[in-house]
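Encoded as structure tokens, the structure appears first; notes follow it.
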Amino acid sequence: MVARAAREIAPGMVVNLGIGLPTRVVNHLSADFPVCLHTENGLSGIGPTRGHDSADRNLIDAGGAYVSTVPGSACFDSATSFAIVRSGRLDLTMLGAFEVSATGDLANWKIPGKFSPGAGGGIELAQKARRVVVLTTHCDRAGNPKLKQACALPLTAGGCVARIFTDLAVIDVTGDGFALVETADGISATDVAEATDAPLALPDTPLPTF
Amino acid sequence: MVARAAREIAPGMVVNLGIGLPTRVVNHLSADFPVCLHTENGLSGIGPTRGHDSADRNLIDAGGAYVSTVPGSACFDSATSFAIVRSGRLDLTMLGAFEVSATGDLANWKIPGKFSPGAGGGIELAQKARRVVVLTTHCDRAGNPKLKQACALPLTAGGCVARIFTDLAVIDVTGDGFALVETADGISATDVAEATDAPLALPDTPLPTF
Amino acid sequence: MRLPDKTRAIEEAIAEIKDGDTVMVGGFGVPGTPMTLIHALVDHGARDLTLVKNDANEPGMGIDHLLQSGQVARLITTHLGLNSHAIGLMNSGALTVEFNAQGILAERIRAGGAGLGAVLSDIGIDTELAQGKQVVEMGGKPWLVEPALRADSALIHADRADPFGNLAYVATAQNFNPLMAMAATCVIAEVETVLPLGGLGANEVHTPGVFVDHVVALGDLSEEYAVVRR
Amino acid sequence: MRLPDKTRAIEEAIAEIKDGDTVMVGGFGVPGTPMTLIHALVDHGARDLTLVKNDANEPGMGIDHLLQSGQVARLITTHLGLNSHAIGLMNSGALTVEFNAQGILAERIRAGGAGLGAVLSDIGIDTELAQGKQVVEMGGKPWLVEPALRADSALIHADRADPFGNLAYVATAQNFNPLMAMAATCVIAEVETVLPLGGLGANEVHTPGVFVDHVVALGDLSEEYAVVRR
């Protein structure tokens with residue numbers, strides 16, 4: 001699914017990869033692929049992750065991982081970093097999710113009473129990136145579907161999600177709800193529908209697999 | 001009067017010198033006097049003015065004069081430059097004037113129907129510098145007093161002027177109107193009062209001269 | 001991962017500008033004014049433009065060429081004191097001028113670049129500059145609403161750039177350039193030197209290339225960039 | 001004209017901080033966190049503080065020392081995810097926490113530093129972060145009023161400085177430091193290297209010294225600044 005999500009990145013894009021699964025997308029981009037990766041703590045042009053021994057103590061991504069630069073990287077303050085996000089210069093963000101609704105609402109920052117560490121930069125990424133895609137396991141650890149008719153948790157942003165990449169499928173959020181686009185190898189449309197807590201439209205043509 | 005005004009600058013101050021007469025104050029500050037001169041087009045640490053042949057084409061003050069830097073000068077954009085002004089980091093500004101009222105109102109940017117080139121940075125300097133002093137001829141070219149009970153011209157900022165340096169006198173703006181502080185050598189209090197279009201309080205003690 | 005190349009021929013860079021566009025132009029006096037892009041815009045011929053620029057340069061220099069050619073309908077600015085020609089156009093009604101306090105113009109542009117709606121300020125609240133502005137109460141005090149400004153295009157002058165569009169400025173040629181470089185849909189930078197990727201250190205970048213669409217390398221600078229003899 | 005010297009001993013630099021003060025602290029994770037000034041503030045002992053910081057560092061690091069010592073009554077922040085201790089204090093009611101969207105916290109601090117009253121933003125307008133916020137109509141659309149934030153003191157970490165307080169940062173240690181360095185009445189910068197006046201080029205300054213009150217030279221850096229082993 002991570003490799004499939006990486007193919008969502010078109011040449012020339014400016015992309016922010018959220019904490020968690022999305023960060024792994026970087027490992028599926030070749031050295032000569034033209035893209036600018038942005039991290040909200042103040043860097044454009046992220047290079048490969050660094051191990052402890054080769055890390056620069058002053059060079060991390062928003063998740064705290066040690067990263068490197070590439071030729072042409074730029075560093076800036078937090079206000080400039082979010083100016084990039086809010087003014088529409090971020091072509092794509094890939095975010096994790098607790099829940100996604102059939103209208104594209106995203107909940108990924110708070111589970112009242114259990115987990116409320118603050119939203120960090122997530123609200124601005126979800127609300128203002130030109131395209132928001134979600135990278136998540138199809139169900140949570142207890143086996144409950146994360147794709148639902150409506151979110152029960154507090155929203156990060158409403159109607160923001162365009163596409164969802166899971167371990168089971170690629171699903172678009174359309175004006176009419178979820179639409180199945182691709183399935184993982186060995187997964188049927190029925191498998192995906194059963195793990196999804198909302199209607200799922202199927203295409204008329206055969207489903208590609210990834 | 002310019003030399004007298006220069007003595008208004010205390011060691012350690014951050015000072016903006018307005019276009020016109022105030023700019024000349026720089027020639028009365030010694031090389032080892034501790035002060036930081038600011039110009040609103042984006043420079044702190046102005047050094048002496050430069051002639052045509054030694055000028056740097058990229059280094060001007062807000063009036064368009066070619067200036068130099070000193071060790072420790074810093075360059076910045078226009079937003080940062082006015083952040084300095086509005087956030088209270090400017091200890092003193094010296095401005096020119098068309099009119100000053102007995103309550104400290106300043107008019108120095110517009111003569112309706114005759115002269116309206118825009119206020120530039122003058123409004124922010126007048127309204128936000130911690131101390132605003134005016135450097136001006138006591139009367140205009142037609143001989144009319146510039147110090148008046150109330151300004152007739154559109155205001156730059158209300159109640160902002162603390163002290164006025166003219167060719168005739170040093171005058172404070174107090175809660176009770178104009179108060180004579182010093183006179184120019186050879187000028188009497190009566191001379192100053194006659195050239196001032198508002199009541200002028202005199203001190204009980206003998207007047208110093210400059 | 002490598003960063004895309006945005007270097008362009010000047011004609012290609014400004015081709016997107018259309019009649020009726022709002023165009024921001026960097027510079028405060030000569031320093032930072034993109035003289036070469038301005039000439040290209042004269043040649044290009046787009047009309048009925050709204051320009052946003054700190055000042056109108058001096059007669060026969062910088063944006064005065066666009067005023068002379070009749071391409072400008074409206075000018076959002078802070079001060080025209082050095083251009084009697086611009087003041088003449090304003091007084092005759094041939095040019096609509098909107099004056100802003102200088103730092104407020106800077107903040108309105110920056111707010112546009114930062115994706116904000118407006119800033120609240122008390123600058124000029126007791127002067128005629130406040131006339132017609134929306135006022136809101138906050139914390140028991142009235143504040144002027146100063147709406148964010150964005151443009152269709154921004155013309156920027158920088159000292160150095162890399163092909164991705166990271167920009168660095170020098171001396172007082174910085175002024176409005178870094179702000180305008182954030183606030184337009186199409187940002188075009190003319191630069192004195194284009195360095196290879198990596199030639200501009202990550203910590204010496206003033207404008208991240210993410211904001212920049214086209215990089216135009218300047219050849220020898222024209223006389224218009226030189227020290228003005230007064 | 002020469003620029004004044006603002007280098008100080010660390011105790012002198014932080015002596016002005018009082019009980020009940022609001023203190024901004026730079027840093028995002030380890031990079032840019034003024035670890036040494038934080039320890040000095042623990043030793044100083046001022047209590048009932050309101051801290052403004054992007055995050056709460058990790059347990060046993062950075063501002064966690066001030067949380068452990070019970071000196072902090074209130075924390076204005078964006079994310080506590082890496083500090084379970086801070087979340088525990090919040091959940092027990094021992095620490096009042098105000099969460100902001102990260103870029104909005106940055107803009108509120110910048111607005112304080114720029115002498116503005118507030119910014120208008122639509123971030124989080126359809127989420128619970130909007131609850132209790134003032135809303136104004138502008139251009140037919142509702143906007144949240146995000147008031148400017150200022151502090152009594154700001155604790156800043158920079159890579160290099162000169163004695164006047166011009167600061168330069170490196171890599172992702174920049175983050176909130178340049179913003180907070182504009183927004184406090186007393187700005188205290190700890191710096192890894194103090195260069196002589198003129199040693200920092202005018203075009204490589206990130207924070208003009210005009211904003212800075214005290215410069216504290218760091219000796220050898222403690223382990224707390226080093227790469228974290230995870």
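First the proteins, then the strands, lettered A, B, ... as listed; each starts at 1. Computed from a predicted structure; not experimentally measured.
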For the residue pair B:Ser54 / B:Tyr66, report whether a side-chain donor-acceptor contact shorter than 3.5 Å exists.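 No, because no side-chain N or O of B:Tyr66 sits under 3.5 Å from a partner of the opposite role on B:Ser54.
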Check whether the side chains of B:Ser78 and C:Asn175 place a donor and an acceptor atom closer than 3.5 Å, and report yes or no.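 Note: B:Ser78 and C:Asn175 side chains miss the donor-acceptor criterion.
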Side chain, backbone, both or neither: which part of [X] has an atom under 4.5 Å from a heavy atom of chain C?
| X | result |
| --- | --- |
| B:Ala62 | both |
| B:Gln127 | side chain |
| B:Thr39 | neither |

Using non-hydrogen atoms only, which part of [X] is less than 4.5 Å away from chain B: side chain, backbone, both, or neither?
| X | answer |
| --- | --- |
| C:Ile104 | both |
| C:Ala101 | both |
| C:Ile87 | side chain |
| C:Val97 | neither |

Answer with yes or no after comparing the ring centroid distance for C:Tyr169 and C:His157 against a 6.0 Å cut-off, counting only values under it.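 C:Tyr169 vs C:His157: aromatic centres not under 6.0 Å.
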State, to 0.1 Å, how close C:Asn177 and C:Ala173 come at their nearest heavy-atom pair, and which atoms those are.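 Answer, listing the atom of C:Asn177 first, then C:Ala173: ND2-O, 3.1 Å.
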Does C:Lys6 make a cation-pi contact with C:Phe164 (under 6.0 Å, within 45 degrees of the axis)?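 Yes.
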Between C:Asn83, C:Thr78, C:Thr172, which shows the greatest number of heavy-atom pairs under 4.5 Å with chain B?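 Highest number of heavy-atom pairs under 4.5 Å: C:Thr172.
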So which of C:Ile109, C:Val170, C:Asp55, C:Asp122 has the largest heavy-atom pair count under 4.5 angstrom toward chain B?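 Of the options given, most contacts go to C:Asp122.
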Hey, does the side chain of B:Lys148 reach the backbone of B:Ala102 with a donor-acceptor pair shorter than 3.5 angstrom?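 Not a single qualifying donor-acceptor pair exists.
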